[in-house]
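The first residue in the sequence is number 1, and the count goes up from there.
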Amino acid sequence: MKRNTTADFFDDYSEGFTSIYNTGNSFLQQMINKWFRKSMLIRFEKTIKACKPSQEKTALDVGCGPGNYGIALAKNGLKSIHSIDFAPKMIDIAKNQAKLAGVENICKFEIVDFTHISEDTKYDYVILMGFMDYIQNPDVIIAKALRFANEKVLFSFPSDSGFLAWQRRIRYKFKCPLFLYNEKQIASLFEGIAPWQCRIENLGRDFFVTIDKEAD
C-alpha cells in the first residue's frame with residue numbers, strides 16, 4: 001500500500017466518508033448512499049451480526065475510518081475493540097464519535113499501519129472492511145489477519161464488474177491505488193488456509209468474505 005497517497009486521500013475524505021453511515025445527512029446524499037453504497041451498509045450490518053455479543057469477546061478493526069464498526073460492536077456488548085487507521089483525521093473523528101456514544105472506555109483507537117502493528121495480542125474477531133481495496137499484496141494482509149484471530153476474520157473485497165466498478169476506477173485514478181477482484185481471484189487467495197473455512201458472498205459492489213475456524 002502506498003501510504004503517502006492513500007493516507008492523504010482518506011484524511012481529506014474523512015468527513016464525507018463518515019456521512020455514508022450517518023442518517024442525518026442530506027436527502028441527495030441519502031439517495032446516493034442507497035443506490036451506490038448499498039453494499040457498504042449491508043456489509044456493516046453483516047459484520048455486526050457475525051460478531052456475537054459477549055463481554056468476553058474482543059475485536060480488531062483494521063482501517064477503521066470514523067470508527068462506526070468499533071462503536072457499534074461496543075454498544076452491542078463486546079469487551080473491547082482495538083481500531084486502527086493510518087489517517088489521523090479519521091482517528092480524531094472516531095475518538096469523538098466513541099465519546100459521544102459513551103463507549104470511549106471500550107474502544108481503543110490508534111494511528112498505525114496494519115503491516116507495522118505488533119502481533120503480540122490476539123483477538124476473537126478481526127475486521128477488514130473497505131481495506132483490501134487499497135492493498136497491492138493481499139496475501140500478506142490475509143496471512144497477518146489470520147495470525148491475529150482466534151475465531152473469525154471478516155473481509156470485504158471490491159468487485160471488478162458492473163457500473164460501480166467502472167465509475168470507481170475513474171474516480172480513484174488520480175487519488176490513490178485501487179484493486180478490484182472477481183470471485184475466482186478471491187477464492188484463490190484463501191486456498192490452503194486450513195483449519196480455517198472460507199465463505200464468499202456477492203453483495204453487488206463488494207464481496208463479503210467470512211473466515212471461520214473449523215469445528216473440532
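The minimum heavy-atom distance between I91 and S83, with the atom names listed, is CD1-O, 4.4 Å. The minimum heavy-atom distance between G63 and D85, with the atom names listed, is C-OD2, 3.4 Å. Contact between L78 and A59 at its shortest, heavy atoms only, is CD2-CB, 3.8 Å. Shortest non-hydrogen contact noted between L154 and A50 is CD1-CB, 3.9 Å. For the residue pair R43 and S156, the shortest heavy atom distance occurs at NH1-OG, 3.7 Å. Scanning all heavy atoms of the two residues, the minimum distance from S39 to D206 falls at OG-OD2, 2.7 Å.
Note on E119 versus K144: salt bridge recorded, some NZ/NE/NH1/NH2 to OD/OE distance being below 4.0 Å. With salt bridges taken as basic N to acidic carboxylate O contacts below 4.0 Å, none links E151 and K52. The pair D133-R168 meets the salt-bridge criterion, since a charged nitrogen lies less than 4.0 angstrom from a carboxylate oxygen.
One hydrophobic cluster, built from ILVMFWY side chains closer than 4.5 Å, holds both L164 and I170. No path of Ile, Leu, Val, Met, Phe, Trp and Tyr side chains, each step under 4.5 Å between heavy atoms, connects V140 with I193, placing them in separate hydrophobic clusters. Linking Ile, Leu, Val, Met, Phe, Trp and Tyr residues whenever their side-chain heavy atoms come within less than 4.5 Å places M132 and V112 in a single cluster.
At a threshold of 4.5 Å between non-hydrogen side-chain atoms, the residues I127 and V62 do not count as touching. In this structure, M40 and R205 have side chains that are in contact, with non-hydrogen atoms separated by less than 4.5 Å. Residues L180 and L178 form a side-chain contact, since some pair of their non-hydrogen atoms from C-beta on lies under 4.5 Å apart. No side-chain heavy atom of P138 sits less than 4.5 Å from a side-chain heavy atom of F179. Two residues are said to be in side-chain contact when any heavy atoms from C-beta on lie closer than 4.5 Å; D212 and R199 meet this criterion. No side-chain heavy atom of I71 sits less than 4.5 Å from a side-chain heavy atom of I81. In this structure the side chain of K122 never reaches within 4.5 angstrom of the side chain of R147, judged on heavy atoms.
Side-chain N or O atoms of N182 include one that pairs as donor or acceptor with a backbone N or O of K184 at under 3.5 Å. D124 places a side-chain N or O within donor-acceptor distance of the main-chain N or O of T58, the cut-off being under 3.5 Å. The main-chain N or O of D160 is found under 3.5 Å from a side-chain atom of R169 such that the two form a donor-acceptor pair.
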Check against side-chain contact (heavy atoms from CB on, under 4.5 Å), I48 and N76: CA-CA 8 Å; I48 303 307; N76 208 32; 3.9 Å; yes
*Decide side-chain contact (heavy atoms from CB on, under 4.5 Å) for H82 and E110; before the verdict, give the C-alpha distance in whole Å, the side-chain angles of both, and the deciding distance to 0.1 Å.*
CA-CA 8 Å; H82 184 188; E110 183 179 5; 2.8 Å; yes
Can you check side-chain contact (heavy atoms from CB on, under 4.5 Å) on I186 and V209, steps first, answer last? CA-CA 9 Å; I186 296 169; V209 179; 3.8 Å; yes
Worksheet item: Going through the checks in order, is the side-chain contact (heavy atoms from CB on, under 4.5 Å) test met by Q197 and K213?
Response: CA-CA 6 Å; Q197 293 181 325; K213 279 281 182 69; over 6 Å; no
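For the atom pair CG of L203 and CD1 of I42, the computed distance is 5.5 Å after rounding to the nearest 0.5 Å. Here CZ of F109 is found 12.5 Å from CE of M90. Values are rounded to the nearest 0.5 Å. To the nearest 0.5 angstrom, L128 atom CG is 9.0 Å from I142 atom CD1. Residue S159 holds its OG atom at 9.5 Å from CD of E183, rounded to the nearest 0.5 Å. Atom CD1 of I211 is separated from atom SG of C198 by 4.0 Å, given to the nearest 0.5 angstrom.
Residues F157 and F207 place their aromatic rings such that the two centres sit no closer than 6.0 Å. With ring centers used as reference points, Y123 lies 6.0 Å or more from Y125. The ring of Y69 has its center closer than 6.0 angstrom to the ring center of F44. For F190 and F155, the ring centers are positioned less than 6.0 Å apart.
With sequence neighbours excluded, the residues that form a ring-ring contact (aromatic ring centres under 6.0 Å, His included) with F114 are F148.
For K79, the NZ atom sits in a loose shell: 12 or fewer heavy atoms of surrounding residues, nucleotides or ligands are nearer than 6.0 Å.
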